[in-house]
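Treat the numbers as computed from the prediction; the structure is a model and nothing was measured. Residue numbering restarts at 1 for every chain, and letters A, B, ... go by the order of the sequence lines.
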Amino acid sequence: MSSPSATAHDNTYGQDDTYLYHHFEDLQQQHESSSLGMWAFLSTEVLFFGGVLGAFAVVQTLYGPAMKAASEHLDPILGAYNTAVLLVSSLAMALAVRASQLRQHRNTVLFLVATIVLGSVFLGVKAYEWIHDYHLELVPGINFNQDRYPGRQILFWSFYFTLTGIHALHMVIGIVIIAIMAVLVQRRWFTGGGATQIEMLGLYWHFVDIVWVFLYPILYLINR
Amino acid sequence: MGYLGADYTVKSWLLTTDHKRIGLLYMISITVFFLLGGAAATLLRLELMTPRGDVFGSPDDYNRSFTIHGVFMVFFFLIPGVPAVLGNFLLPLMIGARDLAFPRLNLMSWYIYMIGGLFTLYALVAGGVDTGWTFYTPYSTMFSNTQVIAAALGIFIVGFSSILTALNFIVTVHTMRAPGMTWLRLPLFIWAHYATSLIIVLGTPVLAITIILVAVERLFKVGIFDPAYGGDPLLFQHLFWFYSHPAVYIMILPSFGVISEIVTAFARKKIFGYSFMAGALLAIAVLGFLVWGHHMFVSSQSMYAGMIFSVLSFLVAVPSGIKVFNWTATLYKGSVSFKTPMLYALGFIGLFTIGGLTGLVLSTMATDVHVHDTYFVVAHFHYIMVGGMVMAYLGGLHFWWPKITGRMYSEFWGALSALTVFIGFNLTFFPQFLLGYIGMPRRYYEYPEEYQVLNVMSTAGASVLAVGYMMPLIYLLISLKVGKIAGPNPWAASGLEWETSSPPPTHNFLDTKIVTSGPYDYELQEFADQQREVQEQGIV
């Protein structure tokens with residue numbers, strides 16, 4: 001087992017956990033590995049979303065007018081509101097990372113909770129929009145009304161629900177991990193403040209935000 | 001004492017974070033999946049021995065069988081094979097690291113792999129899948145009444161396992177090299193795994209999302225690929241082949257790494273053109289992403305797209321040629337010893353060359369139209385994927401077996417298995433080139449009688465091949481009990497993995513290794529050996 005062993009390395013770059021795993025030479029190497037690993041993971045995420053976005057670009061090119069007609073049923077104001085909420089949550093996350101590096105445990109927990117709250121608000125608004133779409137009979141496979149929305153409009157909604165669905169799933173996963181992390185920091189589970197872990201979590205959260213920053217104009221605004 | 005004897009409990013294996021033990025866990029599981037896929041292949045070959053359908057009750061059963069063969073072999077054996085077993089075991093050893101960067105993630109990858117495998121097994125037991133391993137839409141999303149979703153889910157999950165392993169490799173190579181191990185001192189095995197990992201990280205997510213879209217379409221009838229709902233089935237092919245063409249290089253690049261290590265060790269000569277060999281690996285990785293359209297020459301894509309994909313496909317021959325010519329140049333004037341790993345490596349070079357050259361036939365649009373979806377294609381990709389990956393995997397397994405287990409195997413049986421596999425392989429798949437050329441389509445279970453002679457040859461070859469594959473299974477296991485003790489470096493090979501005991505201790509090295517020269521300094525070693533010999537004989 002790679003049970004952590006405590007070492008007395010000094011800590012010059014805002015690195016919190018004084019735990020060095022057996023297979024690393026020093027803390028800096030350990031920190032670099034975590035951060036490179038997270039970036040590599042995020043590059044897979046870019047390709048993951050890139051696949052659907054590429055498919056969407058094809059459909060958009062083929063059936064532009066139908067896409068435009070369909071996207072008019074989305075409310076850009078709600079979308080803009082959600083974008084703002086998510087960007088503020090990113091700020092809260094950034095502050096949590098900073099606080100954990102300064103080992104201000106109370107502030108770390110506080111900002112993590114703020115991130116969770118803002119993320120949940122986003123998901124709430126999203127759920128409201130989805131319910132609204134359901135009442136408009138816009139959900140393919142469940143109650144899509146082909147007569148009301150003729151032609152290829154159904155394709156727009158397929159992509160809309162796939163993209164926003166995967167994005168929401170990423171947010172739910174993020175919120176769960178942030179909650180776990182907040183509890184761990186609260187209970188002083190990390191010797192330092194969990195700075196490396198929270199920094200990586202921050203990268204993930206910012207990535208999810210950036211995805212939304214692309215989705216919002218593509219889905220809500222591009223046809224206006 | 002080594003990592004094998006560190007602890008004997010089942011728990012110590014199932015909860016291990018030691019990359020070497022995880023490599024062995026993978027070895028056992030991929031062997032099981034290989035046997036399952038092989039059993040399906042045997043049934044297919046038996047069916048095709050006669051022109052009439054007599055082994056399977058219906059064409060549907062035949063379809064299910066070749067799907068299971070394809071899915072298990074491609075996603076559960078060929079793709080993870082070399083990286084997950086040999087890569088896991090050797091990558092940290094070869095760069096002088098104590099473990100991979102994320103040992104727990106590594107263990108998790110194996111569990112994810114097993115869960116994916118179980119899902120796919122479930123699909124097999126619960127009625128099978130008849131779409132073929134490519135899951136082409138709209139057949140897979142609309143018409144097929146089989147367990148498409150369970151199988152797709154299994155592949156989706158196993159994809160994550162391969163992404164996590166690749167991620168682990170990339171980070172390990174970047175951050176955990178021993179002092180003095182610069183990029184241009186990395187063994188080619190490491191370069192190969194690095195290039196492969198890049199492909200996995202950039203390609204697999206696209207397959208993952210494509211599979212999700214297929215599952216969503218099947219469940220909710222949303223119509224992204226289905227023309228009945230306004231979707232575009234060609235879109236599926238583009239997304240699918242964007243991953244699945246590079247997937248061929250996921251299978252073959254690690255094999256290149258294995259072959260480079262073996263050839264240089266048994267020719268006792270520095271590898272010819274090290275930096276070009278490393279560059280060729282990266283070039284193939286990059287070019288691999290630009291050629292998916294050659295799978296779609298007859299799919300009504302535009303002629304100009306076809307021409308561009310054709311030209312780009314030819315380009316892959318350049319770095320592949322560099323590899324083959326440089327292995328040949330390494331052998332030239334080397335003091336070659338024909339031990340089992342070397343026999344497998346030579347077999348690899350031959351089979352890969354045939355596979356590569358017939359690849360040119362397929363990347364030429366005009367000839368591709370003639371042999372499209374015939375047995376010519378089947379023969380071609382078996383030469384590359386099986387002739388390539390399996391030969392390299394077995395060669396590597398024999399080469400590093402003393403390191404992994406601390407024991408030597410029987411050289412006689414080893415050499416015999418290498419020869420049997422080579423003969424059996426050619427007898428199985430060469431007739432298929434001819435079959436395809438004279439027009440036998442793939443995936444048919446009945447055929448006109450004039451094709452029978454070649455099909456019987458192929459089936460006969462398959463039984464020889466099966467014997468060849470079973471032999472290592474037996475004598476390698478026997479070697480665990482009765483094999484001679486290997487010692488740290490039975491081949492007198494260079495490389496950090498040979499500088500620790502066999503089997504290595506849990507943390508690989510007792511001291512920190514410091515690297516002062518590039519890999520493969522066999523000339524120096526040879527020179528030192530000669531000097532010693534000369535001195536011992538008292539000539540000077």
- Proximal component of A:Leu36, with respect to chain B [non-hydrogen, under 4.5 Å]: both

- Query: So what's closer than 4.5 Å to chain A heavy atoms on B:Thr204: side chain, backbone, both or neither?
  - Reply: neither

- Report the option among B:Asn508, B:Val171, B:Asp18 that has the most heavy-atom pairs separated by less than 4.5 Å from atoms of chain A. B:Val171

- Query: For chain A, which of B:Gly230, B:Ser197, B:Ala97, B:Ala166 has the most heavy-atom pairs under 4.5 Å?
  - Reply: B:Gly230

- Can you say whether B:Leu235 sits under 4.5 Å from chain A via the side chain, the backbone, both, or neither, judging by heavy atoms? side chain

- In Å and rounded to the nearest 0.5 Å, what is the CG to OG distance from B:Leu100 to A:Ser33? 10.5 Å

- Message: Taking CH2 in A:Trp39 as the centre, count heavy atoms belonging to other residues, nucleotides or ligands within less than 6.0 Å. Is the count above 12?
- Response: no

- Query: Is it the backbone or the side chain of B:Asp232 that comes under 4.5 Å from a heavy atom of chain A, or both, or neither?
  - Reply: side chain

- Message: Please output the residues of residues 209-218 of chain B in contact with chain A, using a heavy-atom cutoff of under 4.5 Å, in numerical order.
- Response: B:Ile209, B:Ile212, B:Leu213

- Message: Does A:Glu25 form a side-chain contact (heavy atoms from CB on, under 4.5 Å) with B:Arg98? I'd like the steps, not just the answer.
- Response: CA-CA 9 Å; A:Glu25 292 292 332; B:Arg98 285 187 283 255; 3.5 Å; yes

- Item | Neighbour count above 12 (heavy atom, 6.0 Å) for B:Tyr111 OH | yes

- Query: So, the side chain of A:Gln29 versus the backbone of B:Thr175: is there a donor-acceptor pair under 3.5 Å, distance only?
  - Reply: yes

- Note on the structure: Applying a strict 4.5 Å limit to non-hydrogen atoms, the region of A:Thr162 in contact with chain B is side chain

- Winner by heavy-atom pair count (cut-off under 4.5 Å) against chain A, out of B:Leu239, B:Val206, B:Ile224: B:Ile224

- Message: Looking at B:Trp183, I'd like to know if its CH2 atom is crowded, meaning that more than 12 non-hydrogen atoms belonging to other residues, nucleotides or ligands lie closer than 6.0 Å.
- Response: yes

- Message: With a sphere of 6.0 Å drawn around CZ of A:Arg187, does it hold more than 12 non-hydrogen atoms of other residues, nucleotides or ligands?
- Response: no

- Shortest non-hydrogen pair, B:Gly223 vs A:Leu155, comes out as O-CD2, 2.7 Å

- Message: Counting C-beta onward and ignoring hydrogens, is there a side-chain heavy-atom pair between B:Met176 and A:Phe24 closer than 4.5 Å?
- Response: yes

- Message: Taking side chain as everything from C-beta outward and backbone as N, CA, C, O, which of these in B:Ile163 sits under 4.5 Å from a heavy atom of chain A? Side chain, backbone, both or neither.
- Response: side chain

- Check B:Phe242 against A:Leu47 and note the closest heavy-atom contact, atom names and distance. CE2-CD1, 4.3 Å

- Message: With a 4.5 angstrom heavy-atom cut-off, is it the side chain or the backbone of A:Val52 that approaches chain B, or both, or neither?
- Response: both

- Task: Measure the CZ-OG distance between B:Phe220 and A:Ser158 for me, rounded to the nearest 0.5 Å.
- Result: 11.0 Å

- Message: Using every non-hydrogen atom in the two residues, find where A:Ser43 and B:Val201 come nearest and quote the distance to one decimal.
- Response: OG-CG1, 3.5 Å

- A:His23 (side chain) donor-acceptor with B:Ala101 (main chain) under 3.5 angstrom: yes

